A.B. asks: 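One structure is given below, represented as C-alpha cells, and several questions about it will come after.
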Amino acid sequence: MPQIFTASADTRLRTALLVFVLVLCGSVLFVGGYMDSSYATLVGWVRDQPVPFSHEHHVGGLGIDCRYCHTTVEVSARAGFPATHICMTCHSELWTGAPMLAPIRESLASDRPIVWQRVSKLPDYVYFNHSIHIARGVPCVACHGRVDEMPLMARAQPFQMRFCLDCHRNPAPRLRPPDQVTRMDWSDWDNHPEEHKLYGELMVKAYGIQPSKLDNCNICHR
Amino acid sequence: MAGENRNDPIAAMRSHLRGKTGRAFWRSLDELADTAAFRTFLEAEFPPLSGPSDIDRRSMLKVMAASLALAGLTGCGGSPDQTALPYVEAPEFVVPGKPKWYATAVTLGGFVLPALGKTHVGRPVKLEGNRDHPASGGATDAFLQASLLGLYDPDRSQSPRILGRPTSWSSFDAAITAGAAELDRRQGEGFRLLTGSVTSPTMLRQIEALLSRWAQARWHVLEPINDDLALEAARRVFARPLDRHLMLDVAEVVISLDDDFLGPGPRQSVQARRWSTRRLAFQERRGDSRLFVAEPTPSLTGAMAEDRLIASPSRVEALGYAIAAALGVDGASAPELADEERRWVDRAVAALRKTPGKTLLTVGPQHSAELQALGLLCNERIGALGATLRFTDPIAAIPPDGIRSLDMLAQDMAAGRVTTLAVVGANPAYTAPVAPDFRAAMEKVPLRLHVGLHYDETASLSHWHVPLAHELESWSDARAVDGTASIQQPLIRPFYDVRPLHVVMDNLVGSLGGSDRDRVQETWRASWGESFDGRWRNALVRGFVEASAAPFVASAVADRSVPPHRDVQRTGLTVVFRPDPTIWDGRFASNPWLQETPKQLTKITWGNVILVSPALAKERRLQNGDVLQLEAGGRTLTGPAWIMPGQEANTVTVTLGYGRTHAGRVGSNLGYDAFAIRTSDSAWRIEGAALSSTGKKEIIATTQAHQALDGFDFVRTVGQPDAAGSRPDTVPGPNAAGEQNSQPPSFYPTREWDSPSWGMAIDLDLCIGCNACVVACMAENNVPVVGKELVAEGRQMHWLRIDQYYEGDPAQPKSYFQPVPCMHCEQAPCEMGCPVNAAVHSFDGLNLQVYNRCVGTRTCSSFCPYKVRRFNWFDYTGDDPEELRAARNPDVTIRSRGVMEKCTYCVQRISEARIAAKIEGRAIRDGDVVTACQQACPTRAITFGDVIDPETQVSRRKASPRNYSLLEEANTRPRTTYLARIESTGGGAEDGTG
Amino acid sequence: MREPSSSSGLFGLLAEFDRPERLVDGVRHAREAGFRQVDAYSPFPIEGLAEELGFRDQRVPWLTLIGGMFGAALGYGMQVYTNESFQIDIGGRPLIANPAFMLITFELMVLFAVLFSIGGMLALNHLPRLNHPLFGVEAFHLTSKDKFFLVILSNDRKFDREKTRSFLEGLDPVRVNAVGYSEEPV
Amino acid sequence: MTHIAAEPGDRYAAVTEEIAQIPLHYPDPVAWRICFGFALLLLLSFFISAGVLFANGVGVWGNNIPVNWGLAIANYIWFLGIGHAGTLISAMLLLLEAHWRNSLNRFAEAMTLFAVICAGLYPILHLGRPWYFYWIAPYPNTMSIWPQFKSPLTWDFFAVLTYLTVSVLFWYVGIVPDLAAVRDRAKKRRQQVFYGLVSLGWRGSARHWARWRQSYRLTAAIAVPLVVSVHSEVSLLFAAGPIPGWTSTVFPPYFVLGAAFSGFAVVSMIAVVLRHTLGLTNLVGERHLDLLGKFVLATGLMTAYGYWAEVFDAFYSGDRQDIGTLMDRLAGDYAWSYWGAVVLNFLPLQLLWWRAIRTNPVLLLLISLSVTIGMWFERYMLLVTTLYRDWLVSSWGAYHPSFWEWSLFAGMLGVFLVPFLLFVRFLPVISSFEIKEAAFEEQHDA
C-alpha cells in the first residue's frame, strides 16, 4: 500500500496542533489582559471637555479645595458638578476675555448648562454614596487619584467591582482623619505608614465598620 | 373538570390512610362552571406567533413614546449617562442626589387627598400621605398614589384647540376676550358654567365673581358620584343640608345598610383610618368593634363584616324599616321579613342596644333620601347623633339648583336658552345621565368651551378646548372631607404649554395674565389679613391650613315624619351602579398604574365586567367572560359576565368608568360604558332589568385565577383578639399550637442575626384590600406596566399583590384579603436555586435580587412557594417615553429584559436610613425605615422594622399570639409574617353572642 | 520500543500471516529465538498477544487514577475556595456544604480521569502517526482487514537480514517483505 | 454470526467489507440526500426560532408566572434522557462482555452524542439573558464573584459538560480502528487523506491495542456511574425545590430509569431503520432486536413502577399539597400529558413479552416510537402539572406553548438529525473490529 502522507506530514500535524493550543491559551490570556488594561477600564484616558479645565492648576497650583466646586460631596450621594456661577465667581474677575472660557460665559448668558463629559462613571445599577465615604475619612485620592497632577481629568482607578471590593474588604489602610480627605498630597502621612498604622484599625473599631458586611450586594446594588 | 370528582378520592383515600375524612371543599366557581377561565386563558395564550404580536399588543403602552424635548426635565443629569449637566445657577437648598419633600394635595371629586411630594432635583417621583393632616393622618389610597402618573401622562392635552384643531394661546385669548366683552353687554345672559364638585375657596371666589359680574349667568355642577341624596336626607330631617361624618373610631357597633364606607372614594382613607383606630383599640381589648353589613353586592366593607347579610336594594330598605321599627322610631312599621333577614335584624338591633352612644347605623349614600332620613332617625334613637354620627355644613359648595342642577342645565340647553357653555374640569359628554339627554342638548349650544386635562369626550363635542395644568404643577386650594383646607403647591413647572385652572377661570371673564399663585394668595389674604405671611408659609409647610376643619354643628331633628314603606314588587333583575374601584368614574382611565391594578374583589384588570350571582349564572348557564346584553329602563349595554360569590341572586352590578372613547391611548375602548343606561332619576339602581347572552366570549385579564381558599390555612382566623391563629379545619402549625416563635426543625445551621435585621408583619385583621399599597409599591419601585394581554397570560409585574380568598358557600362566602410581598425567607429556596449568585441573603436579613447579576434561569421563581417573583419577559422599559422616565424613582434600578425582580423591602429606603444613621453616628431608630406599602396603608395593617430589637413595633406585633407565617410547612422561615384575622368579636365572645 | 533510525534505510522484516493463531505462534518463536525488537499487527486486539511481546506497561491505568484524583481535588478545591473567597449566605445553607459539593467533585473526577486515560493512551502510542514505514508495504493495508503481521526491527541485536528472513520464512507466513524507509508517497 | 462463512479469514474480510464500504460507496445516496435536505429545513427552523427568541426575549414563548419553565426544560430533560442509552449500551455491556453490543454501540453512541448536544443547547436558549450564559462557569473575573455551587443548575452545567466530553472521547477512541480500516479501503485521494487524518495513523500494533484496551475499558467503567449521576442531577433540578410533586427522593432513580427507557427505545428505532436502509440485516440480526426489546421492556416496567410509587407516596404521606398535585396530574387541565405518558409508555410495552413481536422490526419500531413520545409526555407532565398549581391557590396559572416553542422543538430535531445523517453517511456505523474480535474469541471458546 502506498504511503498517504509524507514523513514530514507528522511534523506538520504536530506543529499545527501545538500552534492551535498556543493560540487558544493566547486568546484567553489576551481577553483577560484586555479586561484589566486601560482600554477596558479607561484608566488614564483623557476625554475632550467643552472647557479644558485643569485640576492641576486649580487644585495643585491655586490650592482650591475640592468642596469649593463639588459642593454636595459631604451631604449627598453625588459630589455634584459646579454650577456655571461657581466658575464665574472667579472668572468674572480673572481671564474675563479668555477665549478658552467662552463656553462658560456662553452658558451663563444663554442660561444653558455646560455639557461636561463624565470621567468617573459607575454603571446605573451601582449606587455609590459620596457623603458616607467622606464622613468615614476615605480620601478623594483613593478613587480619583492625584487630580492635582492632572492637567486634564482622567480616570485614576479601574471602577470595577473588584476595585470597590478590595477597599470594602479592607478599609483600614485607606482611612484618614475626615478633615484631611480632600488633601491631595499628604506624602508625610503616606510615606510613614508605620507612624499611623494603628489609625485605620482604630477608626474601623470606632466607626463600627464591619468589612464582612461591606461586601454584601445590597451595600451597592438596589 | 377537576371539580368535585377531584376531591372525593382525596377524602376517600385520606379516610383510609388517616382514618378521618377531609372536609368537603368547593373549588373555584370556574371549576363548578367547568373551568371557563382556563378556557379563556387558553384562548388568551394561544395566538400563534405570540412573540411579535405580544410586542404589538403592548404597543398600546409603547406608542406613548412621544418624542419631545421636555424643557422642565433636561437639567436633571438624567440624559445619556456619558454627559453631566450641572446647573447654571444652583437653586438654593436643592442638593442633587438628595430628595426634597413638599406638602401639597391632589383632589378626588373636589375633596383633598393630602400628600407629601418627593422630588429629585425638581422632579416629582413619589406621593405619600401627610402624617400631620388632621383628617387623614398619613393615610392614602390608590388614587393618591397614582395621581403622580397623571402628571406625567403623555396623553395630556398640550395645546388649545378650536374645532379639534390645535391652535395658539393668542388666538384663544383674542376669542375669549371678545366673547367676554359680548357677555358683559348681555349681563352674561345665556352663559352657563359647568364644573365638578367644588371645595376650593379660590375657585368659589372666582365663580362668585363671575356670577356677580354676569347676573344672568348660571353655575351648574356635575359630579357623577356624589352625596346629593345624603344631603337631601339631611335636609328632610334637619331642615338644612348637612355633611355626615361617621365617627368610626368611636363606634363600637356599626350597622351598614349597603354603605361601603371602607370602599374607594374621597372618604376612604379618612374613614378607613378611623375604623382601624377602633379596631386597634379593640385588639387590645379596649372596647368592641363589630360590623353588620347588609348589601346586594360584595364590597370592601362587606368583606370586613362580622355579620354580612345579602339583600337586594329593596330588601335593604325593608331591613331599614324593620330596624327602625325595632328601635321604636315613631311611625316606622316593620315590613314582612324572611327568617334570615329577621335573625340578622335581631342580632343587629341586639348589638345596637348593647353599647348605647357607641353605636352607629349608616345607610349607603346611593340609597333613597327617604331611607337615609329614616337612618338618621334611627341614629337619633340610639343616641348616635353628635356622638358616632356628626354633621358639618356641606364641605362642597351646593350649586343654585342643588340636586337638580344638571337637569336644569340640560333642559335650558334643550330649550335653546344657553348660548355659551363653559365646562371646567368635568366631562358631561361621558358622565352625564342619558336622560335627560345631555349630549343632544349640548349640541344645541352655539358656543361650547371645554377646559380640562385631556382632550376628552366633552372636548370633542366642544368648539374650544383649553388644556389645564395638572394639580401637581399649579397653585390651588381645596378642602378635605372634614373641611380642612390645603394649599396645593406645584412640585414642578408645567412642562407642557398649558394654563393653571385659576388663570383660565379669569380668562373666561376676559382678564388675561397674572399667576395662579397670586389668585390663591388673594383668596387667603382676604380671610387672613395681617397674619397672612406667617399662616401662608405655615400652610405650605404643613400641607394644610391650621384649624380650618368645618366645625361640627348641633343637629336638631326638625322633621320626624317617616314615609310609609313601599314594598316594590320585584320583576326581573335589579341593576346597581358602582364606581369602578380603580379608575373611579373614568377620570383615571388614562392612568396605566390604576388600569393594571386588580379590582379588589374580582382581581380583574384593564376592564369592567357585569357581576352576576352564582345562582343566576347557574340558572342561565353563564361562565366568566360570556358577553351579556343588559337591558334596563329601555336602554342596553353589553359586557362580559363575571360570577361574583356573595352577589344577591337577582342583582347585577355594573361599574362606571369604562367604555370611554376619548381617554387617550391607554384608556380608550376598554370595557363597557355603564353611563349609557344611567338616568338622573335612577342614578344608582334600576329595577326590572333583563339579561340575555350574546353567545360571544371576551378575554378578561385577571391576576388571580382561583379565589377559593379550599380550607387551606393561608389565611388564619381566631375568635379572640389574643388567641393563636388557626383554622378549625386545618392541621394547626406550631404557632397555632401555641408555642410562639418555635421553629420547626431544620438541617441548616441557625444563624445569629445582628440588629438591625429587617422583617414585616401584616395584620389581616386590619387589611381592607384597598390597593393603596399595591400602587404605592409600583410608584416607589418603578414596577413596569405590561398591559391587558400580558396580564391575561400571567405576566403582571406587581411586587406586592393582594390575594383575595373566598371560604364557604359560594352563595354567601366569607371573604379574605392577604397582601403578599416577598417573604424574605431566612432559608430561601430561591437563593439555593440561583446558579450565579444573583439571589442571595444580606447581613440584615434581606433576600436580595441582584438584577445586574441575574441571567434569567427563573429557577428562583420555580422554587418560590409564594410565587412572588416577577420576570421581565420582554424589555418593558426600553422605549418608555421621556415623561414616564421622568416619573421613575432614581434610587431604584430599572430592570432590563430577561431578569427576575421582586419585592426588596424597599432596600433603597433601608440604605438611605443606614447611611444617614452612620453619618450621624447613631443606630437606626424604629420608624426610620418606612416601606412604601407601609406608608400608604390607611389602616396601618403593615408594620416593618428590626425584628431583633424586641421593642420595635414590628417585634411587638410578631410577639402576638395571632402571628403566623405563610406555608410554615415549607419551613422557609419567612421574615414576613401575618397576624390572624379576628372573626368574632372579643365583646361578643365574652357574653356569648356574635 | 524504539524504532531503527531512518538512516539505516531498512526498517525491518515483515511477515504476513492469514490467521491470528499463526501470528501468536510466530511471536512466541521470535521471542524464544531471542528477538526483542518485535512487533505484531492485527485487525483486532488479540488476547495475550501483547504479553507474548513482553508488554508489561501499566502507565495508562495509573494515569487514569492520577487524573481522577486530580479532578476530584480540583473540583472540591474550587468549590471550597470560591465560597471562601466571597462568602455569601445562600438560603441559610452552610458556607461549605459538602453534600452539595460532592456532585461537581465527582463530575470533575470522571472528566479528568477520562482525559488523562485517553490522552495518555494516545501519547504513549505515539499517535497520531500519519507516516510510518509499514504503510509503505503493499499488503499492510490488510492489517485492518483480515491479515496478521509480525515485524522484526532492523535495530534488533540479533537482526541479520538473511538469517532473520529465513527465520521468518520458517514460521510459514503468507509472505515476508523487507520494510524500507520511503520519504515520498509512492 | 454463524451464517457468515466458516473460514475465519473470510469472515473477517466479509465484515470489514460490509461495514467499511458504506462510507466509501454509500448504498442509497438519493434517499440520503432527501432525508438530509429535510433535516436541513428543520435546522433552518431552529435558527429562525432562536433568532426570534433572542430578538424579543423569552416572552415569545408561552411561559409565565407560575409556569416559568416550559417546553424548553421539558425537552432538555427528554433529549438528555435519550442521550443515556448509548453510553449505557456500549459501556455497561462492554464490561459485561456481551458481544452482541458490538452491532449496536457505535450508532447508539453517536445518537447519544447528538442528543446531548441538543439537550445542552436548551438551557442556554431558555435564559432571560443568554448572552451571559458563561456566568455559570467559574472563571476569574473583574467582579470577583463566582458561580453558586449549591445550585442544581450549576451541578447540571458540570454534569452535562462532563458527559458530553466523555461521550465524545469514548465514541471517538472506539471508532479510530475502524476509521483506519476505511482509510485502508479508500481509493480516492480525498477519502484517503480524510480518513488518514481522523484515524490518527492507527496501524493495529499489538502494543497499541493493549493500551487502547486499558483506557477503553477504564473509560467504560467510569462512564457507567457517570451516566447514573448525570440524570440524577438533572432530577435534582426539580427535586431540590420545595414544590409539591417535585421534592421527592424517588426522582433520581425515576429519572435515570426513564432516561434509559427512552434511550433504548430510540436505539431500537435507529437499529431497525439502519439495518433496513443499509442492508445490515446479518450484522444487526433478530437476536439484537430481541435483546433491545427485552431492555425496553425491563426499563419500561421499572419506569412504570416509578409512576405507581408516585401515586402511592402522595396518598401515603396524606399531605394535602402532594395529593393536590397528584390530583392535578390525574384530573387537572394537563391530565392528557399524564395519561398520555402512562398509556404510551405502558400498554404497547406489554406486547414485548412475546419474542415474535420483539423480533418483528416494524412492531418494535412502532412500540419504541410510542415510548419515545410517551416519555416526552412524562417530562412535560412532570414539569407543567407541578408548576401550574403549586402551594398557594392564589397563584395558580396555566401554560400553553407558543408557536415559537414548537418551531424551536422542530428545529432541535434538525440539530439532532443533521449531524446524525452525516455520521451515517461518512463514518462506519458499526464497530467492525469488535465484531471480528468477538468472532475470534467465540471461535476460541468453541
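Keep in mind the model is a prediction, meaning the values are calculated, not measured. In the text below, chain A, chain B and the rest are named by the order of the sequence lines, each starting its count at 1. Excluded from the calculations below are hydrogen atoms, water molecules and symmetry mates; all remaining heavy atoms, backbone and side chain alike, are included.
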A.B. asks: Can you tell me how far apart CE (C/Met78) and CH2 (D/Trp146) are? Round to the nearest 0.5 Å.
C.D. replies: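 Output value for this atom pair is 9.0 Å.
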
A.B. asks: Under 4.5 Å heavy-atom distance to chain C, tell me which part of D/Glu17 shows up: side chain, backbone, both or neither.
C.D. replies: side chain

A.B. asks: Is D/Arg217 in contact with chain C via its backbone, its side chain, both, or neither, using a 4.5 Å heavy-atom distance?
C.D. replies: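 Contact with chain C involves no heavy atom of D/Arg217 at all.
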
A.B. asks: Taking only heavy atoms into account, what residues of residues 90-98 of chain C are found under 4.5 Å from chain D?
C.D. replies: C/Ile90, C/Arg93, C/Pro94, C/Leu95, C/Ala97

A.B. asks: Measuring heavy-atom distances to chain C, does D/Pro225 have an atom under 4.5 Å in its side chain, in its backbone, in both, or in neither?
C.D. replies: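 Both parts, heavy atoms under 4.5 Å.
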
A.B. asks: Let me confirm one number: the CG-NE2 distance from D/Leu200 to C/His126, rounded to the nearest 0.5 Å.
C.D. replies: 14.5 Å

A.B. asks: Quick one: are C/His141 and D/Arg183 in side-chain contact, heavy atoms under 4.5 Å?
C.D. replies: no

A.B. asks: If contact means a heavy atom pair closer than 4.5 Å, which residues of residues 32-46 of chain C contact chain D?
C.D. replies: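 Listed by number, the contacting residues are C/Val38, C/Asp39, C/Ala40, C/Tyr41, C/Ser42, C/Pro43, C/Phe44, C/Pro45, C/Ile46.
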
A.B. asks: Determine whether C/Glu107 and D/Phe157 make a side-chain contact, defined as any pair of heavy atoms from C-beta on separated by less than 4.5 Å.
C.D. replies: no

A.B. asks: Picking from D/Gly204, D/Ser199, D/Pro138, D/Ala20, which has the most non-hydrogen pairs under 4.5 angstrom with chain C?
C.D. replies: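 So the answer, after comparing D/Gly204, D/Ser199, D/Pro138, D/Ala20, is D/Gly204.
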
A.B. asks: Chain D: which of C/Asp57, C/Thr82, C/Leu115, C/Val151 shares the most heavy-atom pairs with it under 4.5 Å?
C.D. replies: C/Thr82

A.B. asks: Looking at every heavy atom in both D/Ala210 and C/Ala50, which two are closest together, and how far apart are they?
C.D. replies: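 Looking at all heavy atoms of both residues, the closest pair is CB-CB, 3.7 Å.
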
A.B. asks: At their closest point, which heavy atom of D/Trp155 faces which heavy atom of C/Ala100, and how far apart are they?
C.D. replies: NE1-O, 3.4 Å

A.B. asks: Please examine the side chains of C/Lys147 and D/Tyr12, heavy atoms only from C-beta on, and report whether any two atoms are closer than 4.5 Å.
C.D. replies: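 A side-chain contact is absent here, since even the closest heavy-atom pair is not under 4.5 Å.
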
A.B. asks: Given that the side chain runs from C-beta out, which part of D/Glu437 has a heavy atom under 4.5 Å from chain C: side chain, backbone, both or neither?
C.D. replies: both

A.B. asks: At a 4.5 Å cut-off on heavy atoms, which part of D/Ile145 comes close to chain C: side chain, backbone, both, or neither?
C.D. replies: both

A.B. asks: Less than 4.5 Å apart, side chain to side chain, heavy atoms only: is that true for C/Thr64 and D/Ile222?
C.D. replies: yes

A.B. asks: Take C/Met121 and D/Val173 through the side-chain contact (heavy atoms from CB on, under 4.5 Å) test and state the conclusion after the steps.
C.D. replies: CA-CA 10 Å; C/Met121 181 270 285; D/Val173 170; 3.8 Å; yes

A.B. asks: Which bit of C/Phe149 is near chain D, if near means a heavy-atom gap under 4.5 Å: side chain, backbone, both or neither?
C.D. replies: neither

A.B. asks: So C/Gln79 and D/Lys150, do their side chains get closer than 4.5 Å, heavy atoms only?
C.D. replies: no

A.B. asks: Between D/Gln214 and C/Arg59, does the side-chain contact (heavy atoms from CB on, under 4.5 Å) criterion hold? Intermediate values first, please.
C.D. replies: CA-CA 10 Å; D/Gln214 289 173 331; C/Arg59 283 175 293 176; over 6 Å; no

A.B. asks: Is it the case that over 12 heavy atoms from other parts of the model lie below 6.0 angstrom from the CZ atom of C/Arg31?
C.D. replies: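 Count over threshold, so yes.
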
A.B. asks: Using the side-chain hydrogen bond (donor to acceptor under 3.5 Å, both in side chains) rule, take D/Arg203 and C/Ser144 through it: C-alpha gap first, then chi angles, then the decisive distance, then the call.
C.D. replies: CA-CA 7 Å; D/Arg203 50 189 190 278; C/Ser144 61; over 6 Å; no

A.B. asks: Under 4.5 Å, counting heavy-atom pairs only, tell me which of C/Val114, C/Leu103, C/Leu130 racks up the most with chain D.
C.D. replies: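 Ranked by heavy-atom pairs under 4.5 Å with chain D, first place is C/Leu103.
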
A.B. asks: With respect to chain C, which residue among D/Arg213, D/Arg185, D/Gln148 yields the maximal number of heavy-atom pairs within a distance under 4.5 Å?
C.D. replies: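 The answer is D/Arg185.
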
A.B. asks: Give, as side chain, backbone, both or neither, the part of D/Thr154 having an atom under 4.5 angstrom from any heavy atom of chain C.
C.D. replies: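 It is both, since atoms from each part get that close.
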
A.B. asks: Using a cut-off of under 4.5 Å for heavy-atom pairs, which of D/Ser232, D/Gly196, D/Ser229 has the most such pairs with chain C?
C.D. replies: D/Ser229

A.B. asks: I need the residue from D/Ala181, D/Ser205, D/Ser151 with the largest number of non-hydrogen atom pairs under 4.5 Å to chain C.
C.D. replies: D/Ser205

A.B. asks: Could you grab the distance from atom OH of D/Tyr172 to atom CD1 of C/Ile118, nearest 0.5 Å is fine?
C.D. replies: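 Rounded to the nearest 0.5 Å, the OH-CD1 separation comes to 11.0 Å.
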
A.B. asks: Measuring only between side-chain heavy atoms, which start at C-beta, is D/His208 closer than 4.5 Å to C/Leu127?
C.D. replies: yes

A.B. asks: Take a 6.0 Å sphere around OH of C/Tyr81 and say whether it holds more than 12 heavy atoms from other residues, nucleotides or ligands.
C.D. replies: no

A.B. asks: More than 12 foreign heavy atoms under 6.0 Å from NZ of C/Lys158: is that the case here?
C.D. replies: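 Result for NZ/C/Lys158: enclosed.
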
A.B. asks: List the atom of D/Ser144, the atom of C/Phe86, and the distance in Å for their closest heavy-atom pair.
C.D. replies: O-CD1, 3.2 Å

A.B. asks: Contact part of D/Leu197 toward chain C, heavy-atom cut-off under 4.5 Å: side chain, backbone, both or neither?
C.D. replies: both

A.B. asks: Does any heavy atom of chain D fall under 4.5 Å from the side chain of C/Glu51, the backbone, both, or neither of them?
C.D. replies: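 Contact with chain D: none, neither part.
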
A.B. asks: In terms of heavy-atom pairs under 4.5 Å, which option from C/Leu124, C/Leu63, C/Leu23, C/Leu49 contacts chain D the most?
C.D. replies: C/Leu124

A.B. asks: With a 4.5 Å cut-off on heavy-atom pairs, point out which of D/Leu226, D/Val182, D/Val166 contacts chain C the most.
C.D. replies: D/Leu226

A.B. asks: Examine whether an atom of D/Thr16 lies under 4.5 Å from a heavy atom of chain C, and if so say whether it belongs to the side chain, the backbone or both; otherwise answer neither.
C.D. replies: side chain

